[in-house]
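Structure, as structure tokens:
A, B, ... follow the sequence lines: proteins, then strands. Residue 1 opens every chain. This is a predicted model, so every value here is computed, not measured.
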2 protein chains.
Amino acid sequence: MDTKSQLINTATALFQQKGYKSVGLNEILKACNVTKGALYHHFPNGKEELLIACLHDLNEAITTDIKTIFKENLSIREAIRSMIDKLVHDFESDGTLSGYTFSSMVSEMATVSEPVRNACSALYENIQHIFYEKLVTEGFSSESASEMALLMTASIEGAMMLCRTQKSTDPLKTVAKLIPNLLKSF
Amino acid sequence: MDTKSQLINTATALFQQKGYKSVGLNEILKACNVTKGALYHHFPNGKEELLIACLHDLNEAITTDIKTIFKENLSIREAIRSMIDKLVHDFESDGTLSGYTFSSMVSEMATVSEPVRNACSALYENIQHIFYEKLVTEGFSSESASEMALLMTASIEGAMMLCRTQKSTDPLKTVAKLIPNLLKSF
DNA sequence: GTCTATAGCTCGATAGAC
DNA sequence: GTCTATCGAGCTATAGAC
């Protein structure tokens with residue numbers, strides 16, 4: 001793998017685990033055996049540029065990931081369930097919440113850097129849009145679909161936060177169990 | 001107000017806005033005209049001890065706040081609505097999300113410091129417990145009530161995250177609108 | 001209980017050789 | 001494109017006078 005991708009992959013994982021400010025450049029560089037000179041060659045604007053690259057990368061990864069799941073599962077109920085199963089499985093296997101979460105980046109940087117806030121905003125919008133489209137093909141009205149997509153995104157992201165504080169996957173499991181009920185309520 | 005409370009109040013607001021690591025001790029001290037010596041007199045273990053004090057303080061503030069709202073509003077639907085109205089109003093008036101959110105503290109510190117993670121965990125549990133009790137008095141079964149309390153907490157916290165990225169209060173408003181539907185679905 | 005001064009460290013970023 | 005050496009700023013924390 002080329003140096004640039006290596007940096008992005010390592011940094012993304014570390015940022016998701018510990019947050020943006022908690023991870024120093026030296027830690028990233030050491031983890032993937034790259035030197036400072038190489039980093040600043042690929043990212044002349046330094047750490048923040050690297051973060052934005054990570055967010056763009058994450059955007060593509062998450063989008064294709066969710067789309068694949070949605071293609072393999074006919075109903076949205078099954079799709080959501082297998083999506084959350086994947087998050088739960090990842091969390092249980094490596095102990096870190098790396099999946100579709102970037103709350104650490106959002107809450108640290110959204111109030112501080114506009115470019116970062118925009119990248120995060122685009123990411124959430126993409127996720128919601130995938131949910132939205134699936135819901136519309138299942139017969140939801142445009143308005144209901146966009147509201148539901150928002151609620152699903154929010155409750156999953158919020159559940160990940162609870163998982164992190166509790167060191168448990170129960171919150172995600174509960175949300176997964178309840179989402180079908182929500183869909184019924186429309 | 002005494003120095004200690006002053007430090008806690010100022011630090012809490014700044015941590016909520018910018019996150020834990022983004023706020024330096026100097027910034028806090030300057031904002032409330034206190035010197036380093038005074039800080040380390042009240043919090044010998046430094047910044048992290050101050051953070052934990054902020055979380056405990058926030059815990060009490062949020063708990064009494066929500067309990068008051070729940071006393072004034074008979075149905076849980078009205079209570080949730082007026083609770084979220086308050087969050088929306090605060091966000092729109094001062095532009096920062098200071099309300100019942102500490103996601104920045106969670107995502108930065110939960111994986112790094114156990115004492116902080118425990119304080120955050122206790123805070124989420126308290127909030128959920130207040131919801132839970134209200135739901136039980138409204139006739140929900142114990143199991144349904146605790147599931148719903150979790151879903152409500154998660155979706156509200158997730159919605160705040162979306163509000164921050166979008167610089168808009170719409171996500172919170174949408175969630176407020178949908179929660180009654182959720183309650184119906186049980 | 002509060003002040004100043006400063007230690008000691010890590011950070012992100014830069015310069016210049018190769 | 002990658003390396004090392006280094007800068008200057010900012011950080012948390014400490015020491016000691018008052």
Side-chain angles (χ1 to χ4, degrees), chain A residues 1-55 57 104-105 107-117 119, chain B residues 1-55 57 104-105 107-117 119:
Chain A
M1 191 169 31
D2 62 332
T3 308
K4 192 167 181 176
S5 320
Q6 213 172 334
L7 280 167
I8 292 178
N9 291 342
T10 313
T12 302
L14 287 170
F15 289 155
Q16 282 182 313
Q17 285 164 31
K18 305 202 210 168
Y20 176 70
K21 302 254 178 181
S22 301
V23 180
L25 285 184
N26 292 324
E27 187 179 351
I28 299 169
L29 296 169
K30 199 172 162 188
C32 55
N33 263 316
V34 171
T35 56
K36 211 156 271 194
L39 188 149
Y40 278 92
H41 169 74
H42 293 290
F43 304 98
N45 293 328
K47 197 184 181 187
E48 187 166 321
E49 190 181 347
L50 174 59
L51 170 63
I52 292 175
C54 290
L55 288 169
D57 206 64
S104 34
M105 287 93 128
S107 38
E108 283 181 69
M109 295 298 287
T111 54
V112 176
S113 156
E114 272 294 292
V116 173
R117 190 187 64 75
Chain B
M1 189 169 32
D2 63 333
T3 308
K4 193 168 182 174
S5 319
Q6 213 172 333
L7 280 167
I8 293 178
N9 292 342
T10 314
T12 302
L14 286 171
F15 288 156
Q16 283 183 314
Q17 285 164 31
K18 306 203 209 168
Y20 177 70
K21 303 251 178 181
S22 302
V23 181
L25 287 183
N26 292 323
E27 187 178 352
I28 299 169
L29 296 169
K30 198 173 164 190
C32 55
N33 264 317
V34 171
T35 56
K36 211 155 272 193
L39 187 149
Y40 278 92
H41 169 75
H42 293 290
F43 304 99
N45 293 329
K47 196 184 180 184
E48 186 166 323
E49 190 180 348
L50 173 59
L51 170 62
I52 293 175
C54 289
L55 289 170
D57 205 65
S104 35
M105 287 94 128
S107 38
E108 282 181 71
M109 296 296 288
T111 56
V112 176
S113 158
E114 271 295 291
V116 174
R117 190 187 63 76

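Closest of all the heavy-atom pairs between Cys54(B) and Ile8(B) is SG-O, 3.6 Å. The shortest non-hydrogen separation linking Gln6(B) to Met1(B) is OE1-O, 3.9 Å.
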Could you tabulate the donor-acceptor pairs under 3.5 Å formed by side-chain atoms of residues 24-45 of chain A, not counting sequence neighbours?
unit_1   : atom_1 : unit_2   : atom_2 : d
Asn26(A) : OD1    : Lys36(A) : NZ     : 3.0
Glu27(A) : OE2    : Lys18(A) : NZ     : 2.5

**Asked** In B/S/- notation, 5' to 3', how is nucleotides 2-18 of chain D contacted by protein heavy atoms closer than 4.0 Å?
**Response** BBB------SBBB----
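Applying the salt bridge (Lys or Arg N to Asp or Glu O under 4.0 Å) test to every pair with at least one member in residues 37-47 of chain B, sequence neighbours left out, gives no pairs at all.
In this structure the side chain of Ser22(A) reaches within 4.5 angstrom of the side chain of Lys21(B), judged on heavy atoms.
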